[in-house]
2 protein chains.
Amino acid sequence: MRTVEKALKLLDFFTDKVTEIGLSDLARLSGIDKATVLRMLQDMAESGFVEQNPENKRWRLGAGILRLARLREAAQPVTRVLTPILERLAGETGETAHASLLSGRDLANIGVIEPARANRVYIEPGLALPLHATASGLAFTAFARPEQRDRVLGRKLSAITGTTPVTRDSLAAMLARTAERGFAVADQTYEAEVYGLAVPLFGPDGFACGALAVATPASRVSEPHERGILAALAPAAAEATRGLGGRVPAHHRITY
Amino acid sequence: MRTVEKALKLLDFFTDKVTEIGLSDLARLSGIDKATVLRMLQDMAESGFVEQNPENKRWRLGAGILRLARLREAAQPVTRVLTPILERLAGETGETAHASLLSGRDLANIGVIEPARANRVYIEPGLALPLHATASGLAFTAFARPEQRDRVLGRKLSAITGTTPVTRDSLAAMLARTAERGFAVADQTYEAEVYGLAVPLFGPDGFACGALAVATPASRVSEPHERGILAALAPAAAEATRGLGGRVPAHHRITY
DNA sequence: AAACGTCGGTGTAAATAATGAACCAACGAG
DNA sequence: CTCGTTGGTTCATTATTTACACCGACGTTT
């Protein structure tokens with residue numbers, strides 16, 4: 001396997017909760033030899049992607065990432081555009097709203113706003129959303145470039161919950177339904193008790209580049225609630241697409 | 001040379017202005033073979049660090065970077081802590097204020113606020129500041145861990161302007177002066193017409209982890225102005241250090 | 001339209017850089 | 001004191017990276 005890819009995959013073991021990892025742990029988690037992991041970490045430290053805590057020798061994400069993120073935001077202000085939209089969306093629906101963009105093989109969650117109520121869905125910041133098992137992933141894939149869609153259909157699909165689509169046919173059916181309705185539904189396909197509704201975000205080429213989604217506790221789902229969420233989601237997504245410099249294709253209609 | 005390091009160095013060619021680069025250009029810029037560059041880009045695209053514009057086939061920084069940045073912010077909210085401090089600092093001094101953290105071999109600029117006046121210093125967002133040629137770099141290095149300081153002194157120092165310190169001795173003298181006074185001065189050592197004042201930011205171990213700085217047009221420099229900037233900079237840096245979970249060492253005093 | 005230069009991308013054989021088992025010293029727990 | 005862990009180093013083996021040559025496509029210039 002390619003070395004660069006392996007090295008960068010090490011970064012995926014850092015999460016919301018696990019912010020520092022020791023050398024041996026990281027070697028175990030990744031299944032790569034300790035010596036190799038160390039060399040890769042040192043290489044990445046040169047560029048500021050990771051840094052070593054001098055106290056306990058453990059490794060964490062580095063400040064160089066913040067620098068590159070600023071650079072990307074300067075090129076295209078994604079976060080700045082999406083944050084107010086997410087805030088309004090969370091306020092209007094009373095549910096957790098989040099946005100994600102394509103990043104490698106899945107969607108990168110790049111913004112979450114939670115509503116001001118006790119019973120709400122918690123979404124890890126910086127989570128990587130699988131394309132086949134989340135409402136965002138379905139909404140994106142259904143409107144993505146054909147080659148992207150085919151790539152997803154060609155993968156072996158991991159079962160994350162009992163209702164996750166695992167066969168090519170079931171996923172294809174879900175995508176067809178999503179394409180038809182203009183939005184995606186994910187009923188506990190990624191996490192139990194969580195129901196997701198998502199709409200694609202479009203790039204300048206008229207193909208999806210990400211998704212805007214609302215997640216609600218499954219217990220709260222009802223037709224009127226769902227209609228209310230979609231009524232807020234649809235214009236929010238259109239605004240987000242415009243804000244990102246994208247173009248909503250003419251054939252995209254949201255029909256409940 | 002190590003492959004991972006080379007691949008990540010490709011990202012350094014993206015700047016504020018140059019947000020998209022074609023394959024051949026990147027190969028030329030980096031001096032690496034086209035085929036190699038392509039493979040490295042594809043590997044990094046797998047992880048979302050870069051992405052290819054489907055229209056013109058050129059490459060740009062990817063959304064995966066935003067995801068990782070969110071993750072790091074969740075672990076330690078650097079940007080959130082520093083932004084209001086920078087805003088106040090820029091307001092009080094009437095000059096451009098910026099903050100940076102150690103990232104690999106230099107300081108990563110992770111926040112800039114410009115004042116509301118016409119004649120001001122512009123600092124590229126996401127710039128990498130050399131440790132020997134900027135006020136921030138000097139302030140950091142003078143109070144960094146000894147091994148870090150020695151590493152900087154051991155490098156060959158590039159002359160960026162006519163007044164950039166290029167010999168080990170001149171840099172050592174500047175660092176000694178900085179350590180003594182508690183703040184750093186850089187008189188056009190990085191860019192002509194720009195005068196910088198900087199104070200270190202400290203980590204939990206009492207060593208510098210970054211710097212807080214104010215940049216002013218050289219034409220505006222005067223003793224009272226300088227005193228005024230330092231009077232705002234000193235408490236701002238102390239607050240920033242505390243906000244980042246750091247500890248200002250007892251021996252650090254700012255004496256003009 | 002023909003010739004040229006560029007572009008992004010591909011395949012190959014050669015050589016370089018990555019690899020991982022064995023080994024250290026240091027630390028903490030029992 | 002022993003055991004198990006940690007982070008880190010070394011070095012022969014080997015598998016990965018490398019760069020040359022090549023390809024078709026596109027745009028200019030002649």
Side-chain angles (χ1 to χ4, degrees), chain A residues 1-14 18-47 49-62 102 104 145-148 150-151 203-205 207, chain B residues 1-14 18-47 49-62 102 104 145-148 150-151 203-205 207:
Chain A
M1 198 186 298
R2 286 142 315 205
T3 331
V4 176
E5 203 185 335
K6 271 190 281 186
L8 295 181
K9 273 210 193 307
L10 290 179
L11 301 180
D12 287 342
F13 292 102
F14 294 95
V18 184
T19 61
E20 280 192 352
I21 310 184
L23 174 61
S24 297
D25 280 341
L26 202 45
R28 240 191 313 277
L29 285 168
S30 61
I32 304 176
D33 189 272
K34 234 179 10 173
T36 305
V37 170
L38 179 61
R39 240 172 3 84
M40 295 194 296
L41 284 171
Q42 286 169 338
D43 287 358
M44 290 194 283
E46 280 288 306
S47 303
F49 278 78
V50 296
E51 56 196 22
Q52 191 174 32
N53 185 335
E55 316 262 285
N56 58 14
K57 301 284 185 177
R58 297 204 293 183
W59 298 82
R60 58 185 175 212
L61 296 175
L102 178 65
R145 300 187 146 254
E147 62 266 25
Q148 171 73 41
D150 296 343
R151 215 177 309 148
D205 54 3
F207 291 103
Chain B
M1 200 185 295
R2 286 142 312 207
T3 331
V4 175
E5 201 184 337
K6 270 191 280 187
L8 295 182
K9 274 213 193 306
L10 289 180
L11 301 181
D12 288 342
F13 291 102
F14 294 95
V18 184
T19 61
E20 280 193 350
I21 311 184
L23 174 60
S24 297
D25 280 341
L26 202 45
R28 242 189 312 280
L29 285 168
S30 62
I32 304 176
D33 189 272
K34 234 181 5 172
T36 306
V37 170
L38 178 61
R39 233 174 11 80
M40 296 194 295
L41 284 171
Q42 285 169 338
D43 287 357
M44 291 194 284
E46 280 288 307
S47 303
F49 278 78
V50 296
E51 56 195 22
Q52 191 175 31
N53 186 336
E55 315 263 286
N56 57 14
K57 300 284 184 177
R58 297 202 294 184
W59 298 82
R60 59 185 174 213
L61 296 175
L102 179 65
R145 300 187 145 252
E147 63 266 26
Q148 172 73 43
D150 296 343
R151 216 176 310 149
D205 55 2
F207 291 103

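These values consider heavy atoms only, across backbone and side chains, with no hydrogens, waters or symmetry-generated copies. Each chain gets a letter, A, B and so on, in the order its sequence line appears, and its residues count up from 1.
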Five-pair end axes of the helix from C:dA1-D:dT30 to C:dG30-D:dC1, angle between them (10°):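 Inter-axis angle at the termini of the helix from C:dA1-D:dT30 to C:dG30-D:dC1: 30°.
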
Pairwise 5' ranking along DNA chain C for B:Gln42 and B:Asp25, keeping only the more 5' one: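 So the residue in question is B:Asp25.
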
DNA chain C: 5'-proximal contact among B:Arg28 and B:Asp33 (nearest heavy atom):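 Result of the comparison: B:Arg28.
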
Could you state the interatomic distance from [atom1] ([X]) to [atom2] ([Y]), rounded to the nearest 0.5 Å?
X: B:Asn53; Y: B:Ile21; atom1: CG; atom2: CD1; result: 13.0 Å
X: B:Met44; Y: B:Trp59; atom1: CE; atom2: CH2; result: 8.5 Å
X: A:Leu11; Y: B:Phe49; atom1: CG; atom2: CZ; result: 5.0 Å
X: B:Asp25; Y: B:Arg28; atom1: CG; atom2: CZ; result: 5.0 Å
X: A:Met40; Y: A:Ile32; atom1: CE; atom2: CD1; result: 4.0 Å

Whichever of A:Arg2 and B:Lys34 has its nearest DNA chain D nucleotide further upstream toward 5':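 Final value for this comparison: A:Arg2.
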
Start and end of the DNA chain C segment that chain B contacts, any atom under 4.0 Å from a heavy atom: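 Listing 5' to 3', DNA chain C meets chain B from C:dC7 to C:dA18.
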
Outermost nucleotides of DNA chain D that come under 4.0 Å of a non-hydrogen atom of chain B: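 Taking any atom under 4.0 Å from a heavy atom of chain B, the span is D:dT17 to D:dC20.
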
For A:Glu51, all residues meeting salt bridge (Lys or Arg N to Asp or Glu O under 4.0 Å), sequence neighbours excluded: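 Checked A:Glu51 against salt bridge (Lys or Arg N to Asp or Glu O under 4.0 Å); matches are A:Arg60, B:Arg72.
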
Residue list, side chain to side chain contact (heavy atoms under 4.5 Å, CB included) with A:Leu23, at least two apart or on another chain: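 So A:Leu23 forms a side chain to side chain contact (heavy atoms under 4.5 Å, CB included) with A:Lys34, A:Val37, A:Leu38, A:Leu41.
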
Check: B:Lys57 main-chain N/O paired with B:Gln52 side-chain donor or acceptor under 3.5 Å: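 Looks like yes, one N/O pair under 3.5 Å.
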
Give the table of side-chain donor-acceptor pairs shorter than 3.5 Å for residues 3-10 of chain B, with sequence neighbours excluded, one pair per line with atom names and distance.
| from | atom 1 | to | atom 2 | distance (Å) |
| --- | --- | --- | --- | --- |
| B:Glu5 | OE1 | B:Arg2 | NE | 3.0 |
| B:Glu5 | OE1 | B:Arg2 | NH2 | 2.7 |

Non-hydrogen side-chain atoms of B:Leu26 and B:Phe13 separated by less than 4.5 Å: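 Of all side-chain heavy-atom pairs linking B:Phe13 with B:Leu26, at least one is under 4.5 Å.
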
Sugar-phosphate, base or nothing in reach of A:Glu5, heavy atoms under 4.0 Å: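 Since no nucleic acid heavy atom lies under 4.0 Å of A:Glu5, the category is nothing.
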
